[in-house]
A.B. asks: 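Okay, handing you the structure first.
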Amino acid sequence: MAVTSLSPLVTTTITTSVSPQKQPERTTKHPSRTGSLRFCRNMNEAKQLHAQIIKNNHHSNVAKLIAFCAEIGTPESLEYVKKAFESSAVSLYMFNSWIRGHSGAGLGDEAILLYAKMVAEGFTPDHYTFPFTLSGCAKVEAFLEGVQLHGSVVKMGLEGDLFIQNSLIHFYAECGEVDYGKKVFDKMSERNVVSWTSLICGYARRDWPREAVSLFFEMVEAGIEPNSVTMVCAISACAKLRDLDLGERICAYIGQPGVTVNTLVVNALVDMFMKCGAPDRAKRLFDECVEKNLVMYNTMLSNYVCQGKERDALAILVEMLRRGTKPDRVTMLSAVSASAQLGDLSFGRQCHGYILRNGLEGWDSVSNAIIDMYTKCGKQELACMVFDGMSTKTVVSWNSLIAGFVRNSDVESAWALFNQMPETDLVSWNTMIGGLVQESLFEDAIELFRVMQSEGITADKVTISSVASACGYLGALDLAKWVYHYIEKNEIHCDMRLGTAVVDMFARCGDTETAMLAFSRMKEKDVSAWTTAIGAMALEGNGTRAIELFNEMLKQGMNPDGVVFVEVLTACSHGGLVEQGMHFFWSMKEEHGISPQIVHYGCMIDLLGRAGLLSEALDLIKGMPMEPNNVVWGAFLAACRTHKNDKMAAYAADKITELAGDRSGTHVLLSNIYASAGKWTDVARVRLQMKEKGLKKVPGSSSIVINGVIHEFTSGDESHPEMNHIVLMLHEMNSRIGDAGHVPDLTNVLLDVDDREKEFLLSQHSERLAIAFGLIGTSQGTPIHVVKNLRMCSDCHSFAKLMSKVYGRNIVIRDNNRFHYFLQGFCSCNDYW
DNA sequence: CTAGGGTTAG
């Protein structure tokens, strides 16, 4: 028996071996419909039949043939039917059929043209014409034409026709105007299942799934019995809502005696269970299904792939092939995506080959998935080849290829492609802006964001997350406030990732208060959100508050990870909390089962070194379970310098030289850790460090924002338009600070030049240029905010201290380590810069 | 001759 009745007792599982009928319960749909045409299975048979129809002069059958051929929708069948149409005497009936054929084949525009032609030839549309034409309008979302048809319906007094009303509901819903559909529905004196179903489906497909489900139950209460179509709509609405409880309620209805289901309902159920977090239920239903069709396999596959369960997906694919079900484009789409996610090039290649051999490539989404797969498997050249071979490239194709270049850190190629794009969408902009941020090109990222604004494109949470990172890195507080405002004004959904990015942004701009406010406003906080808040405290050297936050996080039942400990230890170090830092370091393994990684050792060396415990630091280095890298030795070296221990400093410098050729990839590892925690600014910083290592040296660069404009200075760079003023100001600064007793610390210049030259080089350090420009460009009393990409040198540090005293200005410098608040000759870091 | 349905890339 084809139709299955679900057990009323077990509503949560469909216990009967579900063998859905092959044919849906209504048999009037699709080509094989009426008359002799029922037996036509392909064009050849239709042609033979046509010859017979012509010979016997059965004109009414020509209309049926027309509808049949049009519905096949191939170029050949359409050409054929056109000839048949033109060689026959036309009638209203024939026009109706042909319109219906085109609508059925999805050729709505043709259907609309035919309607116009029919009216022009003097035929009056009837109660068949309208549903057919409206269905075509719905397919191509031809809103204006549909509304005109509605007008004609009213004029002709056909408003009360049930079929027309139902078609109108469907049409309005498909055009995204479900409210109009609801109006038609409300006015109906008589409604049938299709009326209800059309409205339910309209809500379900147009982002009002909750309304769809409540309408379903309203319908049941009104005593109208839902059929398979209704159930499919209601179930897919639950899937959209990811609401298992509602899904269960519909399932309970379906489980009632007498209710029958078909394949489509079972497929919808499988999909719903998969999407509502009950994959086991879905799998059981799937396994119980004796005759699985292609869509059911595809449903399981695509859901597994979406949820990152590639292994389960592969098992389904294998079962499907073993049972002799031939994969189609949808199947291959999932298979290719799976190989992309697995980074499995050989499987990806096999899929690509299968697609080519079986002629499944002619679908944009398949080619795009292949491009994505090759870029993710590190074969950008192959991706480019597929891209070049595509006859119609969609925005997604371009976007995938650009994302591939970004992944390879090749922003130049990405940028070149971006500029060639015939049209862009939000994702294109997001990919490009994100790519620039990833490559530390923060100003370019913000500039591109401004271009995007001027083109009238509204950003989303992805855009703003990137912009927030760039903004935070540049320390551009005004822009940060603007971004915050932008989020509220445009009601951008602030998820955990964006929320975290905002906290980080304000923290890096030195506005701790707003950062913490934004943090407290976050509805949900995960470990990386807490990490960011703790990091904010570390940035300003507030170790005590950082520890409080960490304890609060533990109290709320969060499990700390390695990343949060980096921030906690850093905060202890910046706050000079040696004992607490030691405690947290040991508690990592003892209390939380996290083995300290090399970065944690780096933090500890920093912590001990800062406190002058140099031999303790050295002991810790020697006891490390892994080889110390140059970050560890670097921290130690800095400590030796601060505490003027030249012997140990030389030792550390030797070690660093030994490691010069180090390509151990610890940076990549660190970058990945940060990336997985969503800390994009840190990812960018690590990438910068990698560059620093790969090239000889990253030039020191400082930026300052004045009147919303970012001014960037690199040491010795004289390209700034105000350079004359700046040079004068530098002279004045040098003499006034010199008078105040500043003696340049020439050990900060690592070049073999004479002392005069060293002094000159120091005076050219980028932060001094930025401070000089800040003095010129702002009024007395305004704090000067400077952001530096590298760690400040000790000479600039003492210079800045004196500047704050002599000029009576608050100076804030954020280097790549922390904030330094210079006030009245003192610095918030207590001279451990 | 009538209307409504399940899987689909960045």
Side-chain angles (χ1 to χ4, degrees), chain A residues 20 24 26 28-29 33-35 37 60-61 63-64 66-68 92-101 103 126-132 134-135 138 161-171 173-174 192-202 204-205 227-236 239 262-272 274 293-303 305-306 328-334 336-337 340 363-373 375-376 394-404 406 425-428 430-431:
Chain A
R26 50 192 281 286
T28 49
K29 177 87 182 172
R33 170 179 311 111
T34 41
L37 280 165
S60 72
N61 278 335
K64 288 174 192 163
I66 284 167
F68 169 68
L92 177 62
Y93 182 16
M94 269 166 64
F95 264 116
N96 281 348
S97 302
W98 210 17
I99 291 173
R100 172 178 157 207
S103 293
D126 64 0
H127 59 291
Y128 291 117
T129 320
F130 288 111
F132 296 154
L134 281 167
S135 152
D161 184 279
L162 182 63
F163 282 90
I164 295 178
Q165 288 166 322
N166 288 346
S167 309
L168 281 169
I169 294 173
H170 173 67
F171 156 73
E174 285 294 293
N192 66 5
V193 205
V194 180
S195 325
W196 286 89
T197 308
S198 299
L199 195 59
I200 289 172
C201 176
R205 302 231 307 206
N227 62 17
S228 299
V229 186
T230 327
M231 289 187 265
V232 165
C233 292
I235 295 164
S236 68
N262 63 12
T263 325
L264 278 81
V265 175
V266 180
N267 283 334
L269 279 172
V270 169
D271 186 51
M272 185 271 290
M274 286 299 279
N293 69 5
L294 181 60
V295 177
M296 188 172 291
Y297 285 114
N298 287 345
T299 305
M300 289 298 286
L301 262 177
S302 67
N303 276 297
V305 174
C306 270
D328 70 348
R329 293 168 220 262
V330 181
T331 320
M332 293 320 290
L333 198 54
S334 295
V336 172
S337 302
W363 230 26
D364 291 341
S365 51
V366 172
S367 306
N368 293 338
I370 292 172
I371 291 175
D372 183 51
M373 181 273 292
T375 74
K376 285 196 177 134
T394 65
V395 190
V396 182
S397 332
W398 289 84
N399 289 345
S400 305
L401 203 63
I402 291 177
V406 166
D425 68 1
L426 190 55
V427 180
S428 328
N430 287 349
T431 309

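Below, all heavy atoms of this structure are taken into account, side chains as well, without hydrogens, waters or symmetry copies. Each chain gets a letter, A, B and so on, in the order its sequence line appears, and its residues count up from 1. If you're wondering where the values come from, they're calculated on a predicted model, not measured in any experiment.
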A.B. asks: In the structure I gave you, are the side-chain heavy atoms of Leu134(A) and His170(A) within less than 4.5 Å of one another anywhere?
C.D. replies: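 When only atoms from C-beta onward are counted, His170(A) and Leu134(A) do not touch, as no gap falls below 4.5 Å.
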A.B. asks: Between dA3(B) atom P and His170(A) atom NE2, what is the distance in whole Å?
C.D. replies: 10 Å
A.B. asks: Counting only side-chain heavy atoms from C-beta out, which of dT8(B), dT2(B), dG4(B) sits nearest to Ser198(A)?
C.D. replies: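 Among dT8(B), dT2(B), dG4(B), the one nearest the side chain of Ser198(A) is dG4(B).
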A.B. asks: Once you apply a heavy-atom cut-off of 4.0 Å, does Asn430(A) come out as touching a base, just sugar-phosphate, or nothing?
C.D. replies: nothing
A.B. asks: Please report, rounded to the nearest Å, how far the C1' atom of dG4(B) is from the CZ atom of Phe132(A).
C.D. replies: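 It works out to 14 Å between those atoms.
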A.B. asks: Is the phosphate of dG5(B) approached by Arg205(A) (side-chain N or O, under 4.0 Å from OP1 or OP2)?
C.D. replies: yes
A.B. asks: What's the separation between atom CZ in Arg329(A) and atom OG in Ser365(A), rounded to the nearest 0.5 Å?
C.D. replies: 9.0 Å
A.B. asks: Please determine, for the side chain of Val295(A), which listed nucleotide (dT7(B), dA3(B), dC1(B)) has the closest atom?
C.D. replies: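 Comparing dT7(B), dA3(B), dC1(B) against the side chain of Val295(A), the answer is dT7(B).
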A.B. asks: Can you sort out the partners of Ser103(A) under side-chain contact (heavy atoms from CB on, under 4.5 Å), two or more places apart, ordered by chain and number?
C.D. replies: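 Checked Ser103(A) against side-chain contact (heavy atoms from CB on, under 4.5 Å); matches are Ile99(A), Ala111(A), Ser135(A).
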A.B. asks: If you only use heavy atoms from C-beta on, which nucleotide in dG5(B), dG4(B), dC1(B) is closest to the side chain of Ser97(A)?
C.D. replies: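 Looking only at heavy atoms from C-beta outward on Ser97(A), the closest nucleotide is dC1(B).
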A.B. asks: Stepwise, does the side-chain hydrogen bond (donor to acceptor under 3.5 Å, both in side chains) test hold for Thr230(A) with Asn227(A)?
C.D. replies: CA-CA 5 Å; Thr230(A) 327; Asn227(A) 62 17; 2.8 Å; yes
A.B. asks: So, is Ser135(A) near the phosphate of dG4(B), with a side-chain N or O under 4.0 Å from OP1 or OP2?
C.D. replies: yes
A.B. asks: Could you give the CD-to-P distance, from Gln165(A) to dT2(B), as a whole number of Å?
C.D. replies: 18 Å
A.B. asks: Could you walk me through whether Ser428(A) and Thr431(A) satisfy the side-chain hydrogen bond (donor to acceptor under 3.5 Å, both in side chains) test, starting with their C-alpha distance in whole Å, then the side-chain angles of each, then the deciding distance to 0.1 Å, before giving a yes or no?
C.D. replies: CA-CA 5 Å; Ser428(A) 328; Thr431(A) 309; over 6 Å; no
A.B. asks: Figure out the CD1/C1' separation between Ile402(A) and dA9(B), and round it to whole Å.
C.D. replies: 15 Å
A.B. asks: So what does Asp161(A) touch, heavy atoms closer than 4.0 Å: a base, only the sugar-phosphate, or nothing?
C.D. replies: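 Contact class for Asp161(A): none.
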A.B. asks: What is the separation between atom CG on Asp271(A) and atom P on dT7(B), rounded to the nearest whole Å?
C.D. replies: 5 Å
A.B. asks: Nearest whole angstrom, please: distance from the P of dG4(B) to the CD1 of Ile164(A).
C.D. replies: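 Going from CD1 in Ile164(A) over to P in dG4(B) covers 14 Å.
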A.B. asks: Do Asn227(A) and dG4(B) have a side chain to base donor-acceptor pair shorter than 3.5 Å?
C.D. replies: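 Between dG4(B) and Asn227(A), which were checked side chain against base, a qualifying N/O pair under 3.5 Å is present.
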A.B. asks: What is the nucleic acid contact for Asp425(A), judged by heavy atoms within less than 4.0 Å: base, sugar-phosphate only, or nothing?
C.D. replies: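 Result for Asp425(A) = base.
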A.B. asks: Let's see if you can work this out: which of dG4(B), dT7(B), dT2(B) has an atom nearest to the side-chain heavy atoms of Tyr128(A)?
C.D. replies: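 Of the options given, the side chain of Tyr128(A) lies nearest dT2(B).
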A.B. asks: Which nucleotide wins on minimum distance to the side chain of Thr230(A), given the candidates dC1(B), dA3(B), dG4(B)?
C.D. replies: dG4(B)
A.B. asks: Just the rounded figure in Å: distance from C1' of dT8(B) to CE of Met300(A).
C.D. replies: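 In whole Å, dT8(B) C1' lies 17 Å from Met300(A) CE.
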A.B. asks: Is Thr197(A) touching bases, backbone alone, or none of the nucleic acid, heavy atoms closer than 4.0 Å?
C.D. replies: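 It contacts base atoms.
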A.B. asks: Which nucleotide, dG4(B), dG5(B), dA9(B), lies nearest any side-chain atom of Leu333(A)?
C.D. replies: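 The listed nucleotide nearest to Leu333(A)'s side chain is dA9(B).
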A.B. asks: Using a heavy-atom cut-off of under 4.0 Å over every strand shown, decide if Trp398(A) touches base, sugar-phosphate, or nothing.
C.D. replies: nothing
A.B. asks: What residues form a ring-ring contact (aromatic ring centres under 6.0 Å, His included) with Phe95(A), not counting sequence neighbours?
C.D. replies: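 By the ring-ring contact (aromatic ring centres under 6.0 Å, His included) rule, Phe95(A) matches Phe85(A), Phe123(A).
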A.B. asks: To the nearest Å, give me how far apart CG (Asn303(A)) and P (dA9(B)) are.
C.D. replies: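 Taking CG of Asn303(A) and P of dA9(B), I get 11 Å after rounding.
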A.B. asks: With the side chain of Asp364(A) defined as its heavy atoms from C-beta on, choose the nearest nucleotide among dG5(B), dA9(B), dT2(B).
C.D. replies: dA9(B)
A.B. asks: Ignoring the backbone of Thr299(A), work out which of dA3(B), dA9(B), dT7(B) is nearest its side chain.
C.D. replies: dT7(B)
A.B. asks: Which nucleotide wins on minimum distance to the side chain of Val330(A), given the candidates dG5(B), dA9(B), dT8(B)?
C.D. replies: dT8(B)
A.B. asks: State which of dA3(B), dG5(B), dG4(B) makes the closest approach to the side chain of Cys233(A).
C.D. replies: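 Side chain of Cys233(A) sits closest to dG5(B).
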